[in-house]
Amino acid sequence: MMEALLARCVMSRFSGATGVIDAVRLSGGASQETWSFDIVYPARNIGAILRRAPQGYGAAPARAAGLNVEAVLMQHAYEAGVPSPRVLHVLHPQDELGTGFIMERVEGETIPRKILRDDEFAEARPKLARQLGQVLAIVHGLDLLQLPALRRMTAGREIAELEQDYRSFNWPRPVFELALRWLRDNDPGPSREVTLVHGDFRHGNLIIGPHGIRAVLDWELAHSGDPMEDLGWICVNSWRFGEIDKPVGGFGTREELFAGYETAGRSVYPERVRFWEVMGTLRWGVMCCGMMQRFRAGPEHSIERAMIGRRASETEIDLLRLLAPRHHALNMSR
């Protein structure tokens with residue numbers, strides 16, 4: 001059924017295309033789907049990805065920019081030199097595929113444990129932190145006036161939303177209370193510059209090849225705000241996958257990340273980055289609690305949700321380490 005719908009869309013929208021083959025769904029979820037397929041041409045085939053919300057699921061979650069906005073952001077990023085898939089087509093109602101877009105498929109790896117351990121990525125690992133800093137510098141340099149209207153986030157608003165989500169679970173966690181108090185006491189105030197913020201710049205949303213980063217994916221949480229938020233999020237311990245001595249994704253140091261960012265003429269404010277790292281750690285902990293609540297409430301008792309939910313306890317350890325002054329001094333010296 002999906003392959004037939006894709007074929008009809010492709011043949012009507014892509015000049016010279018004769019159909020599609022090998023349509024495979026890559027991810028689950030009731031509200032969003034990702035499909036891989038090949039667009040068939042007489043001379044050669046082109047690998048493609050469909051990201052869509054099926055008909056009837058068009059409304060984006062409160063924090064999400066929406067798939068149509070995501071497509072525009074990705075195209076702007078691609079044109080600015082960010083390693084990003086090229087958007088080929090934004091879906092129309094006549095395509096009968098729902099809301100979403102088709103983009104070129106980029107080959108590479110997104111699984112963190114493979115990126116951090118396989119010999120195939122041995123050459124890439126020492127370069128990645130600096131490369132990611134350079135990529136974020138380009139992202140934060142995009143002109144907001146040329147982009148779609150985005151949700152504006154500040155540290156204060158993020159704290160308030162996190163606390164509201166946390167309180168709604170009615171599941172008290174003393175370490176989360178401590179983190180909320182620390183965040184309120186250490187709110188750095190408005191940033192000197194408001195930029196595009198990717199919002200979820202981490203393992204899983206980065207395609208890595210043998211020589212380094214190949215693509216940035218999943219712009220659905222993009223918003224405008226403090227650019228240091230992205231630098232703090234990539235340093236959250238949950239994205240290190242056991243390589244805790246390498247704060248940036250388990251493969252690099254903060255100094256390497258910051259150096260890559262600064263080569264583009266942009267400034268880093270380490271204390272603001274630290275604030276957003278604490279915020280990101282708490283955010284992930286609250287998200288894990290949300291997964292556990294959804295598992296408990298059912299009706300779909302997904303084992304994946306339960307496994308993610310139990311990771312809330314890991315974020316409590318991470319928060320205690322971050323908020324201990326001695327540990328902070330050790331971290332910031334790296």
Side-chain angles (χ1 to χ4, degrees), residues 62-63 136 151-195 197-202 221 223-240 244-250 253-255 257-258 261 267-293 308-334:
R63 294 182 65 94
L136 280 176
R151 184 173 55 101
R152 172 78 167 93
M153 288 300 293
T154 63
R157 181 175 177 182
E158 182 75 20
I159 294 168
E161 289 188 3
L162 272 179
E163 182 166 12
Q164 182 179 24
D165 289 345
Y166 162 64
R167 303 281 180 215
S168 72
F169 302 145
N170 194 26
W171 190 6
R173 305 180 80 95
V175 177
F176 285 12
E177 299 284 351
L178 174 67
L180 282 167
R181 185 174 67 186
W182 186 93
L183 289 168
R184 286 192 293 265
D185 290 345
N186 291 273
D187 183 344
S191 60
R192 299 182 185 182
E193 184 182 17
V194 175
T195 72
V197 177
H198 180 276
D200 202 11
F201 194 83
R202 61 169 175 83
L221 296 181
H223 56 274
S224 64
D226 184 348
M228 298 301 101
E229 180 182 346
D230 278 335
L231 277 73
W233 183 242
I234 187 64
C235 293
V236 168
N237 190 44
S238 296
W239 319 138
R240 302 178 200 175
I244 61 174
D245 293 330
K246 296 176 181 176
V248 183
T253 66
R254 291 182 179 86
E255 286 78 7
L257 176 71
F258 296 170
Y261 193 76
S267 298
V268 174
Y269 303 96
E271 285 300 324
R272 296 188 77 95
V273 175
R274 185 194 177 220
F275 172 86
W276 286 107
E277 184 178 341
V278 175
M279 178 84 82
T281 304
L282 178 60
R283 187 205 304 176
W284 178 238
V286 171
M287 291 168 67
C288 289
C289 288
M291 283 290 185
M292 182 58 76
Q293 291 293 87
I308 294 175
R310 68 181 291 275
R311 295 189 65 188
S313 60
E314 298 173 7
T315 66
E316 291 178 304
I317 297 171
D318 294 339
L319 285 167
L320 288 174
R321 287 173 172 163
L322 275 170
L323 300 180
R326 188 173 153 200
H327 179 77
H328 169 48
L330 176 62
N331 267 345
M332 296 309 295
S333 68
R334 291 196 181 113

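No experiment lies behind these values; they were computed from the predicted model shown. Counting from 1, the numbers follow the sequence of the chain as shown.
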inquiry  = Do Pro188 and Tyr269 make a side-chain contact, defined as non-hydrogen atoms from C-beta onward lying under 4.5 Å apart?
reply    = no
Worked check of side-chain contact (heavy atoms from CB on, under 4.5 Å) between Leu320 and Leu178 = CA-CA 9 Å; Leu320 288 174; Leu178 174 67; 4.1 Å; yes
key: Donor-acceptor under 3.5 Å (Arg283 side chain, Trp233 main chain)   = no
message = Are Arg240 and Asn237 packed together at the side-chain level, in the sense that at least one heavy-atom pair is separated by less than 4.5 angstrom?
response = yes
ask   = Any side-chain heavy atom of Val273 sitting closer than 4.5 Å to one from Phe258?
value = yes
query = Charged N to carboxylate O under 4.0 angstrom, Glu193 versus Arg272?
reply = no
From CG (Leu231) to OH (Tyr261), nearest 0.5 Å = 6.0 Å
task = Please report the closest heavy-atom contact between Val248 and Cys235, naming both atoms and the distance.
result = CG2-SG, 4.0 Å
key: Minimum heavy-atom distance Val236-Gly280, with the two atoms named   = CG2-C, 3.8 Å
inquiry  = Less than 4.5 Å apart, side chain to side chain, heavy atoms only: is that true for Arg157 and Arg151?
reply    = yes
query = Does a side-chain N-to-carboxylate-O contact under 4.0 Å join Arg167 and Glu177?
reply = yes
Test applied, side chain to side chain contact (heavy atoms under 4.5 Å, CB included); reference residue, Leu282; option that passes from Val175, Leu180, Ile159, Leu322 = Leu180
key: Minimum-distance pair of heavy atoms, taken over all atoms of Ala155 and Phe275   = CB-CE2, 3.6 Å
message = Between Asp226 and Ser191 (side chain of the first, backbone of the second, donor and acceptor by atom type, cut-off under 3.5 Å), is there such a pair?
response = no
request  = With Arg173 as the cation and Trp171 as the aromatic partner, state whether NZ or CZ is under 6.0 Å from the six-membered ring centre and within 45° of the axis.
outcome  = yes
ask   = If every non-hydrogen atom of Asp318 is compared with every non-hydrogen atom of Ser238, which pair is closest and at what distance?
value = OD2-OG, 4.0 Å
key: Working for side-chain contact (heavy atoms from CB on, under 4.5 Å), residues Cys289 and Phe176   = CA-CA 11 Å; Cys289 288; Phe176 285 12; 3.8 Å; yes
message = Is there a side-chain contact (heavy atoms from CB on, under 4.5 Å) between Arg311 and Met291? Walk through the geometry before answering.
response = CA-CA 10 Å; Arg311 295 189 65 188; Met291 283 290 185; over 6 Å; no
ask   = More than 12 non-hydrogen atoms from neighbouring residues, nucleotides or ligands closer than 6.0 Å to CG on Asn170, yes or no?
value = no
note = Between the CD atom in Glu271 and the CH2 atom in Trp276, the distance rounded to the nearest 0.5 Å is 15.0 Å
request  = State the CZ-CZ distance between Arg274 and Arg254, to the nearest 0.5 angstrom.
outcome  = 9.5 Å
Distance in Å, Leu323 CG paired with Arg181 CZ, rounded so as to fall on 0.5 Å steps = 10.0 Å
ask   = Of all heavy-atom pairs between Ile234 and Leu257, which one has the smallest distance, and what is that distance?
value = CG2-CD2, 3.8 Å
query = If you round to the nearest 0.5 Å, how far is CD1 of Ile317 from CD1 of Ile244?
reply = 10.5 Å
key: Shortest non-hydrogen separation from Gly285 to Thr315 and the atoms involved   = CA-OG1, 3.3 Å
ask   = Are the side chains of Asp165 and Met287 in touch, meaning some heavy atoms are under 4.5 Å apart?
value = no
message = What's the separation between atom CD in Glu316 and atom OG1 in Thr281, rounded to the nearest 0.5 Å?
response = 12.0 Å
request  = Would you sort out whether Met153 and Val197 count as a side-chain contact (heavy atoms from CB on, under 4.5 Å), showing the intermediate values?
outcome  = CA-CA 9 Å; Met153 288 300 293; Val197 177; over 6 Å; no
